[in-house]
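Take a look at the structure set out below.
Residue indices begin at 1 and follow the sequence shown.
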Amino acid sequence: MTLQVSQQASQAGTTPSALTPAATDTIAEASFGPNGLIARLITTGTATTFTVVDPGTSPLGYTGTPSGCTCPATGSRMVPIPRGAISPATGLATVAFSGALTGVTYELYRV
């Protein structure tokens, strides 16, 4: 598990900084913008499924079954990560990747 850091897009332009995923990664609340994050997933030969893990903090204690975003073997997808994904107990959001991660990178942008 790797603690990842997001970027802020700016009017002057932002040079993307690609992150290498582990099977699960965490993101600190400090990396979130007021409206969350956007993850840009990039694949170059390996398909993967990206899932934002539900922290299970609803008033009824429902953890839910998060659905993932299926990314093609070669291409890119953009997925929102809402502030609701942050666990109040840890101050971290967790994301998960399935399958082999060869050729998979991603970027995180505050929104």
Whether the side chain of Thr14 engages the backbone of Pro16 through a donor-acceptor N/O pair (distance < 3.5 Å, no angle test) should be reported. no

Path from Ile81 to Val111 over hydrophobic side-chain contacts below 4.5 Å: no

Keeping the roles fixed (side chain from Thr48, backbone from Cys71), state whether a donor-acceptor pair exists under 3.5 Å. no

To the closest 0.5 Å, what do you measure between CG (Leu41) and CZ (Phe97)? 5.5 Å

Any donor and acceptor pair, going by atom type alone, linking the side chain of Thr43 with main-chain N or O of Pro72 inside 3.5 Å? yes

I'd like to know whether Val95 forms a side-chain contact (heavy atoms from CB on, under 4.5 Å) with Thr24, so could you lay out the CA-CA distance, the side-chain angles of the two residues, the decisive distance to 0.1 Å, and finally the verdict. CA-CA 6 Å; Val95 295; Thr24 60; over 6 Å; no

Nearest heavy-atom neighbours spanning Ser31 and Ser6: O-OG, 2.5 Å

Is the backbone N or O of Thr49 less than 3.5 Å from a side-chain atom of Ser98, with the two atoms forming a donor-acceptor pair by type? yes

Go through the steps to decide whether Tyr109 and Leu37 satisfy the test side-chain contact (heavy atoms from CB on, under 4.5 Å), and finish with yes or no. CA-CA 5 Å; Tyr109 296 98; Leu37 294 169; over 6 Å; no

Counting C-beta onward and ignoring hydrogens, is there a side-chain heavy-atom pair between Gln4 and Leu108 closer than 4.5 Å? yes

Under 3.5 Å: donor-acceptor pair, side chain of Thr105, backbone of Ala18: no

Under a single-linkage definition using a 4.5 Å side-chain heavy-atom cutoff for Ile, Leu, Val, Met, Phe, Trp and Tyr, are Val52 and Ile38 assigned to the same hydrophobic cluster? no

Is it the case that the side chain of Thr44 and the backbone of Gly103 share a donor-acceptor pair, with hydrogens and angles ignored and the cut-off at 3.5 Å? yes

So, does Ser87 use its side chain to make a donor-acceptor pair with the main chain of Pro55 at under 3.5 Å? no

Min side-chain heavy-atom separation Arg40-Arg77 under 4.5 Å: no

Roughly how far apart are Arg110 CZ and Ile27 CD1, rounded to 0.5 Å? 11.5 Å

Between Arg83 (side chain) and Gly33 (backbone), is there a donor-acceptor pair under 3.5 Å? yes

Are Pro21 and Tyr106 packed together at the side-chain level, in the sense that at least one heavy-atom pair is separated by less than 4.5 angstrom? yes

